[in-house]
Structure formats: structure tokens, C-alpha cells
Chemist: 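For reference, the structure I am asking about is given below.
Just so we're on the same page: letters track the sequence lines, and every chain starts at 1.
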Amino acid sequence: MKEPDFAERVYWLVTQIPYGQVATYGQIATYAGSPRAARAVGTLLRHSLENYGELPWQRVLNAQGRISFKGDLGRAELQRALLEAEGISFHQGQCDLRRVRWAPREVFWDVD
DNA sequence: TTAGTGACTGCAT
DNA sequence: CATGCAGCCACTA
């Protein structure tokens, strides 16, 4: 049985984020075993639509509870709309992570 | 194989 | 509070 690679761990973890809750890129990277790979998580999710259309990618935000984008405003608006539809509210462009942050009860993968 | 890029992050200015 | 910047790491050309 092959050990799941980083990308597989990331995609699986994102599917574990409960409806109405969110996780940060750093959280996903940490749970996937690479605490410093937050940026890599973003890289993977950027292509998630084409590779994993089922993924609830909208539930992943940056460490400040904000939607991360440099361009592509359309997708940012879609993400916010999807989250608000789940009951997550935004104030000044950011949501209250203390309230909606996903706090898994189990350990998935240890840091390498 | 090397170099460049980016849906990140924490610390320093 | 706003930038800047180096560290990180997977992906692509």
C-alpha cells in the first residue's frame, strides 16, 4: 500500500472540512505533514477544479480568515457566496476564524 | 535537472 | 496598521 503523497493528503483533508467550517492553508499543510507548505497547498487547490471537481475548496482560507487571490476576482466572489450560503459571515472581508475554524479531534499525519 | 512561480506565513520595518 | 522579505514546497516549462 503506497503512502499517500502530499497532494493526496491535501485533497483528502479538504474533503474532511465540515459544512459551515473552514481551515487555513497552514492548517491543511500541517495536518498533511508539512507545516511550512501552506503555499504549496494553495498551488494544489488552484488546480483542484480540473483535477478534483468535488472538492469543497471554498472552505480553505488564509491565516487571517480572508479569501486569498491576486487576480481572479470572479472566483473570489464565488467562494464568498458559497461560504455565506453555509452560514459563514464576513466582516471587512474576513470571517471570524475563532468561530468557524475547523478543529479536528484526531491526528492525521505526523510531521516528517 | 534547473529556474521561475504562487489560492501562504510569521517576523521585521 | 501596512509593506517587505525570506523561508517553504509542489508544480511547470
Chemist: Under 3.5 Å, is there a donor-acceptor pair linking the side chains of E86(A) and Q21(A)?
Modeler: no
Chemist: dA7(B), dA10(C), dG10(B): which one has an atom nearest the side-chain heavy atoms of L44(A)?
Modeler: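 Of dA7(B), dA10(C), dG10(B), dA10(C) is nearest to the side chain of L44(A).
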Chemist: Among the candidates dC11(C), dA7(B), dT9(B), find the nucleotide nearest to the side-chain atoms of A38(A).
Modeler: dT9(B)
Chemist: Would you confirm whether the ring centroid of W57(A) sits within less than 6.0 angstrom of the ring centroid of Y11(A)?
Modeler: no
Chemist: Could you tell me whether F6(A) contacts a base, only the sugar-phosphate backbone, or nothing, with contacts defined as non-hydrogen atoms closer than 4.0 Å?
Modeler: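 Answer is sugar-phosphate: F6(A) comes under 4.0 Å of backbone atoms only.
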Chemist: Nearest nucleotide by nearest heavy atom, which residue falls closer to the 5' end of DNA chain B, L61(A) or T43(A)?
Modeler: T43(A)
Chemist: Could you tell me whether the side chain of R39(A) has a donor or acceptor atom within less than 3.5 Å of a complementary atom in the base of dG7(C)?
Modeler: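 Pair found.
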Chemist: Shortest non-hydrogen contact from F90(A) to G65(A)?
Modeler: CE2-O, 4.0 Å
Chemist: Out of dC11(C), dA7(B), dC9(C), which has the shortest distance to the side chain of S34(A)?
Modeler: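 For the S34(A) side chain, the nearest candidate turns out to be dC9(C).
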Chemist: Roughly how far, to the nearest 0.5 Å, is the CD atom of E84(A) from the CD atom of Q79(A)?
Modeler: 11.0 Å
Chemist: Taking atom P of dC11(B) as reference, at what distance in whole Å does atom CD of Q64(A) sit?
Modeler: 13 Å
Chemist: Figure out the CG/P separation between L78(A) and dA7(B), and round it to whole Å.
Modeler: 16 Å
